[in-house]
Amino acid sequence: MIGRPARYVDGLPTPPRTLVMGVVNVTPDSFSDGGLWLEPDKAIAHGRQLVEDGADLLDVGGESTRPGAERPSEEEELRRVIPVVTALAAEGALVSVDTMRANVARQAIDAGARAINDVSGGLADERMLPLVAETGVAYVCMHWRGHSHDMQSRATYANVVEEVVEELAPRIKAAEQAGIDRNKLAIDPGLGYAKTADHNWTILAGLDRLHQLELPVLVAASRKTFLGRLLADQETGDLRPTRDRDDASSATSALAAMAGAWCVRVHAVRPSLDAVRVAARWAAEPHGV
Ligand code: PMM
């Protein structure tokens, strides 16, 4: 039990608890909130609300990467993301951009973004790692096995935790070789990305192993299908609807904080912020009597 981050990312906040990243999806098709904030004004207002709720940083994304999703054009992604980043950064919010495209990252950084959250870990666009190195922003490197349209066909592992660690290690090395300062890096096991529900649970239970890579760990479980499956209606088997997964998401945030996660990426900020504060306070007590 740690209850607070084992490590932090240079240039981002360092509260004495796990950070909370609020999700601002400017997409028509994200699995839990697709279409809700597609208009820039709505997305900006939503981001503002998440900051008021206590988000340490906002993750603005214009591409849904839910299983089966088709990619938007780069032009469309830019059209969705840049006005929102510009407005929120101008208001003082700390903005991260969820993109796999170096060109979107570059324009977002020019618009004030201070971190890039790349679900492909630099694999989708070879210009991404050099761009991050050149601009000196923080970088979240996620475990990824390919684009969403067919990623679930790659959800095969003999030992999911070890394979995620083995496949993340070369991505970290590539990031450092491209010139990214190790202190600006965080890693993410990529829950749901080429992973089944059982894989996700195994990874969460194995976060200690991920920490052996000695980098801050981001956990993004919020509203994902594996929670919907856990909480499925016992009679009909219907998955718990996405919007009714926030209590479980907060429970996951508390447990991730207990395991030493650096940051949780969530849709509902306030309950997860409360959860990580509880975890930090709990773990601050000396153990035993
Ligand atoms: N998941 C989603 C989007 N971005 N970024 C990181 N680093 N890790 C994730 O697991 C992740 C992500 C998909 O969730 P959403 O559609 O609710 O944003």
Side-chain angles (χ1 to χ4, degrees), residues 9 12 19-38 43 46-47 50 55 57-72 77 80-81 84 95-101 104-105 113 115-124 128 132 138-145 147-148 151-152 155 164 168 171-172 175 185-197 199-200 203-204 207 210 215-228 241-243 245-246 248-249 252-253 256 261-269 272:
V9 176
L12 299 182
L19 278 77
V20 178
M21 173 189 266
V23 178
V24 181
N25 279 329
V26 197
T27 58
D29 56 346
S30 286
F31 70 92
S32 82
D33 53 0
L36 283 180
W37 332 110
L38 191 54
H46 182 56
L50 296 182
L57 61 167
L58 299 177
D59 194 37
V60 178
E63 171 173 0
S64 166
T65 47
R66 72 180 160 73
E70 294 297 333
R71 304 195 73 188
E77 191 183 346
R80 293 176 187 173
V81 162
V84 179
V95 177
S96 129
V97 173
D98 186 342
T99 187
M100 293 184 259
R101 289 179 166 129
V104 175
I116 297 301
N117 171 26
D118 178 1
V119 300
S120 82
L123 286 168
M128 181 65 97
V132 172
Y139 183 68
V140 178
C141 178
M142 199 189 83
H143 175 260
W144 189 78
R145 284 186 165 181
H147 285 289
S148 299
M151 69 179 169
Q152 290 313 97
V164 165
L168 266 176
R171 300 317 306 151
I172 298 163
L185 284 175
I187 51 172
D188 177 343
L191 299 174
Y193 286 83
K195 284 149 201 114
T196 64
H199 292 142
N200 293 340
I203 288 168
L204 286 171
L207 284 179
L210 236 81
L215 284 167
V217 174
L218 182 136
V219 174
S222 181
R223 295 186 184 170
K224 285 194 172 163
T225 305
F226 76 112
L227 297 177
T242 46
R243 292 204 139 269
R245 298 176 191 167
D246 283 337
S249 302
T252 312
S253 293
W262 160 67
C263 182
V264 289
R265 179 184 180 278
V266 295
H267 301 83
V269 163
S272 270

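In listed order, ligands and their atoms are each counted from 1.
Distances between N or O atoms of Ser222 and those of ligand 1 include no value under 3.5 Å. For ligand 1, one of its N or O atoms has an N or O atom of Asn117 under 3.5 Å away. Taking distance alone, with nitrogen or oxygen atoms compared against 3.5 Å, Asp59 stays at or beyond that limit from ligand 1.
Looking at Arg265 against ligand 1, only its side chain comes within 4.0 Å, counting heavy atoms.
Interface of Asn25 with ligand 1, defined as ligand atoms under 4.0 Å from a residue heavy atom, comprises 15 (P), 16 (O), 17 (O), 18 (O). In the vicinity of Met142, heavy-atom distances shorter than 4.0 Å reach the ligand 1 atoms 6 (C), 8 (N), 9 (C), 10 (O). Of all atoms in ligand 1, numbered sequentially from 1 with element shown, those under 4.0 Å from a heavy atom of Ala220 are 8 (N), 9 (C), 10 (O). Near Leu218, meaning under 4.0 Å from any of its heavy atoms, are these atoms of ligand 1: 7 (N).
Side-chain contact, Glu63 with Thr99: no donor N or O sits under 3.5 Å from an acceptor N or O. Inspection of the Ser64 and Thr27 side chains reveals no N or O donor paired with an N or O acceptor under 3.5 Å.
Of all heavy-atom pairs between His46 and Val23, the closest is NE2-O, 3.6 Å.
By the salt bridge (charged side-chain N to carboxylate O under 4.0 Å, His left out) test, Arg265 is found to be paired with Asp59, Asp98, residues two or more places apart in sequence or in another chain being considered. Checked against side chain to side chain contact (heavy atoms under 4.5 Å, CB included), Asp118 has the following partners two or more places apart in sequence or in another chain: Met100, Ile116, Ser120, Met128, Tyr139.
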| request: Give the intermediate values and the outcome of side chain to side chain contact (heavy atoms under 4.5 Å, CB included) for residues Arg71 and Arg101. | output: CA-CA 11 Å; Arg71 304 195 73 188; Arg101 289 179 166 129; 3.8 Å; yes
